[in-house]
Number of protein chains: 2
Amino acid sequence: MGNKMVIADKNVELKIRAVGLKPTRQRIGLARLLFIGCARHVTADELFAEASESGVPVSLATVYNTLRQFVDVGLLREVLAGPERSYFDTDVSHHHHFFHVDENRLEDLPPGSISIDDLPNAPAGSKIERVDVVVRLTRK
Amino acid sequence: MGNKMVIADKNVELKIRAVGLKPTRQRIGLARLLFIGCARHVTADELFAEASESGVPVSLATVYNTLRQFVDVGLLREVLAGPERSYFDTDVSHHHHFFHVDENRLEDLPPGSISIDDLPNAPAGSKIERVDVVVRLTRK
DNA sequence: ATTTTAATTTAGAATGCTTCTAATCCATTG
DNA sequence: CAATGGATTAGAAGCATTCTAAATTAAAAT
Ligand SMILES: [Mn+2]
Ligand SMILES: [Mn+2]
Ligand SMILES: [Zn+2]
Ligand SMILES: [Zn+2]
C-alpha cells in the first residue's frame, strides 16, 4: 500500500533535482502536497497549515523560501488576485482565473473561456511579459 | 489668475458633497490633486507625498481613509495589479491596464484594445462583479 | 454669534503578510 | 566518516494598511 506513495515520492524527488535544487526533507514534503494529485491554488499560510497537519517538519520561513524558489524555476506560478496575499498555482500553463472575493479563493476558468482579441502593442521600450485575466466573483 | 482655481475648487467641493461626504480641508485638498487635470493612477504613498509637497495638511491615515471612502462612493476605482500595494484610478469607467513591473506603474490600455469573447458563466451561487485584465510589461 | 453635535482627523500602536538575519542543521562529496 | 556549502529556522524586521482613542472641526441648533 505504501508502494504507490513511495514511487510518487521518487518522482517528486526527481522533479526537485531536475530543476537544480537539493531534495531536502522540507522540499520533498511540500512538493508532495503541491504536486501529487490535482492542480491547485495555495497561499503560503494554507500550505504551512497543511504541512503541519500532515507531519511535514517545516517552518513558515521555509514555506515562503520554497514557494519563491519553485516559482523561480518554473514549478509554480504566482497569481496576482489582490493586494492582501499571494497565491501559487501548480498549473503553470497559460490560463486565467475566477477569484471568489468573499472566500479569498481562486478557481480556473473553464477551458475555452476568454479569447483576447486586439491585444495592444507594448509601449516603446517595453515588452509584454504576460496577460492576466481575473474574473472577480461575489455571492449572488 | 486664482480665479480658475477657485472655480475648480468649488467643483471639487460640490463633487464631494454630491456623494454625501463633508467637504473638509483634507478631502478638498486630496480631491484637487486627484480630480483636477488628466486621469491618473496613484498609490496612497504617492498621494500623501504630493499632498505634503503642495501644502495640503493631511496625515497618512487620512489619505488611506479618504481613498477608501472615494472608492466606496464611486469617485475612485481600486486596481489590483500585484500583491505589494493598492493603486487607485481616477477613471472609474470600465477599462484595462498595462502594469510596468520594473517601475510599479499603471498605464491605461489604448482604447479599443482587448475585446473579451466567450466570457464564462459564473459558477453556481456566484455572480461576476467585474473582469480585470492586466498586461504585465518588463523592460525590453 | 455661540453653543452643541456628530463627523473627521490624527499620532501612534497594532496588524498581517512577507522578507531578512545569523545561528544551526544536514545532504552531499571525497 | 569528516568536511563543506547549501538549507532551515526562530525570531526580528519591514512595509503597507488598519485600528484606537483623543483632539479637532464642519455643520446644525440655539
Ligand atoms: Mn498589503
Ligand atoms: Mn502583501
Ligand atoms: Zn490556475
Ligand atoms: Zn486606468
Side-chain angles (χ1 to χ4, degrees), chain A residues 9-10 12-31 33 41-52 55-73 75-76 78-88 104-106, chain B residues 9-10 12-31 33 41-52 55-73 75-76 78-88 104-106:
Chain A
D9 270 12
K10 265 280 167 299
V12 158
E13 189 176 327
L14 289 176
K15 195 168 189 152
I16 295 172
R17 271 187 212 284
V19 296
L21 293 172
K22 265 202 238 179
T24 62
R25 201 173 17 266
Q26 289 81 356
R27 285 183 184 144
I28 293 170
L30 295 176
L33 293 172
H41 308 100
V42 299
T43 63
D45 233 57
E46 286 164 5
L47 185 59
F48 177 62
E50 262 186 54
S52 304
V56 175
V58 66
S59 69
L60 183 56
T62 296
V63 171
Y64 275 103
N65 290 340
T66 303
L67 287 170
R68 286 268 158 258
Q69 291 157 351
F70 283 4
V71 168
D72 289 344
V73 299
L75 290 181
L76 287 178
E78 188 172 2
V79 178
L80 312 169
E84 32 265 334
R85 80 201 98 246
S86 283
Y87 295 84
F88 298 89
N104 284 350
R105 184 170 60 81
L106 281 175
Chain B
D9 271 9
K10 264 280 168 296
V12 157
E13 188 176 327
L14 290 176
K15 195 169 189 149
I16 295 172
R17 270 187 211 284
V19 296
L21 293 171
K22 267 201 236 179
T24 61
R25 199 170 21 266
Q26 289 81 356
R27 286 183 184 143
I28 292 170
L30 295 175
L33 293 172
H41 308 100
V42 298
T43 63
D45 232 56
E46 286 165 6
L47 185 60
F48 177 63
E50 262 188 53
S52 304
V56 175
V58 68
S59 68
L60 183 56
T62 295
V63 171
Y64 276 103
N65 290 340
T66 303
L67 287 171
R68 286 268 157 257
Q69 291 157 350
F70 283 5
V71 168
D72 289 344
V73 300
L75 290 180
L76 287 177
E78 188 173 4
V79 178
L80 312 170
E84 32 264 335
R85 81 202 95 245
S86 284
Y87 294 83
F88 298 88
N104 283 349
R105 185 170 60 79
L106 281 174

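Letters A, B, ... mirror the listed sequences (proteins, then strands); counts begin at 1.
Where B/K22 and B/P57 each meet DNA chain C at their nearest nucleotide, the meeting point lying more 5' is that of B/K22. Checking A/V58 against B/E13, the closest nucleotide of DNA chain D that is more toward the 5' end is the one next to A/V58. Nucleotides of DNA chain D nearest to B/T24 and A/L21 differ in position, and the one nearer the 5' end is that of A/L21.
One atom, CD1 of A/I16, and another, P of D/dT8, lie 10 Å apart when rounded to the nearest Å. Between A/R17 atom CZ and C/dT29 atom P there is a gap of 8 Å when expressed in whole angstrom units. Residue A/F48 contributes atom CZ, which lies 15 Å from atom C1' of C/dG16 at whole-angstrom precision. Atom pair B/R85:CZ and C/dC17:P shows a separation of 18 Å (rounding to whole Å applied). The distance from atom CG of A/L67 to atom C1' of C/dT18 is 11 Å, rounded to the nearest whole Å. In this structure, B/Q26 atom CD and C/dA11 atom P are separated by 10 Å, rounded to whole Å. Separating the CD atom of A/E84 from the C1' atom of D/dT18 is a distance of 12 Å, rounded to the nearest angstrom. Rounded to an integer number of Å, the gap from B/L60 CG to C/dA14 P is 18 Å.
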Exercise for the section: Evaluate the side chain to side chain contact (heavy atoms under 4.5 Å, CB included) criterion for residues B/E78 and B/R68: first the C-alpha distance (whole Å), next the side-chain angles of each, then the deciding distance (0.1 Å), finally the verdict. Expected result: CA-CA 9 Å; B/E78 188 173 4; B/R68 286 268 157 257; 3.1 Å; yes
Exercise for the section: Go through the steps for B/L21 and B/Q69 under the test side chain to side chain contact (heavy atoms under 4.5 Å, CB included), then give the verdict. Expected result: CA-CA 9 Å; B/L21 293 171; B/Q69 291 157 350; 4.2 Å; yes
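Between A/R25 and D/dT8 there is no side-chain N or O to OP1 or OP2 distance below 4.0 Å. Dashed line: the shortest gap from a side-chain N or O of A/Y64 to OP1 or OP2 of C/dT19 is not under 4.0 Å. Checking the phosphate oxygens (OP1, OP2) of D/dT17, a side-chain nitrogen or oxygen of B/S86 falls inside 4.0 Å. For A/T62, a side-chain nitrogen or oxygen approaches OP1 or OP2 of D/dT9 to under 4.0 Å. An OP1 or OP2 oxygen of C/dT10 is reached within less than 4.0 angstrom by a side-chain nitrogen or oxygen of B/S59. Residue A/R68 places no side-chain N or O under 4.0 Å from the OP1 or OP2 atom of C/dC20. For the pair B/Q69 and C/dT8, the criterion of a side-chain N or O lying under 4.0 Å from OP1 or OP2 is not met.
A donor-acceptor distance shorter than 3.5 angstrom exists from the side chain of B/R27 to the backbone of B/K22, with no hydrogens or angles considered.
No engagement by B/D45 is indicated, since no non-hydrogen atom pair under 4.0 Å with the nucleic acid exists.
Side-chain proximity of B/R27 to D/dT17, C/dT8, C/dT28: nearest is C/dT8.
Two residues are said to be in side-chain contact when any heavy atoms from C-beta on lie closer than 4.5 Å; B/N65 and B/Q26 fail this criterion.
Within the model, atoms NE2 of B/H41 and CG of B/L76 stand 11.0 Å from one another, a figure rounded to the nearest 0.5 Å.
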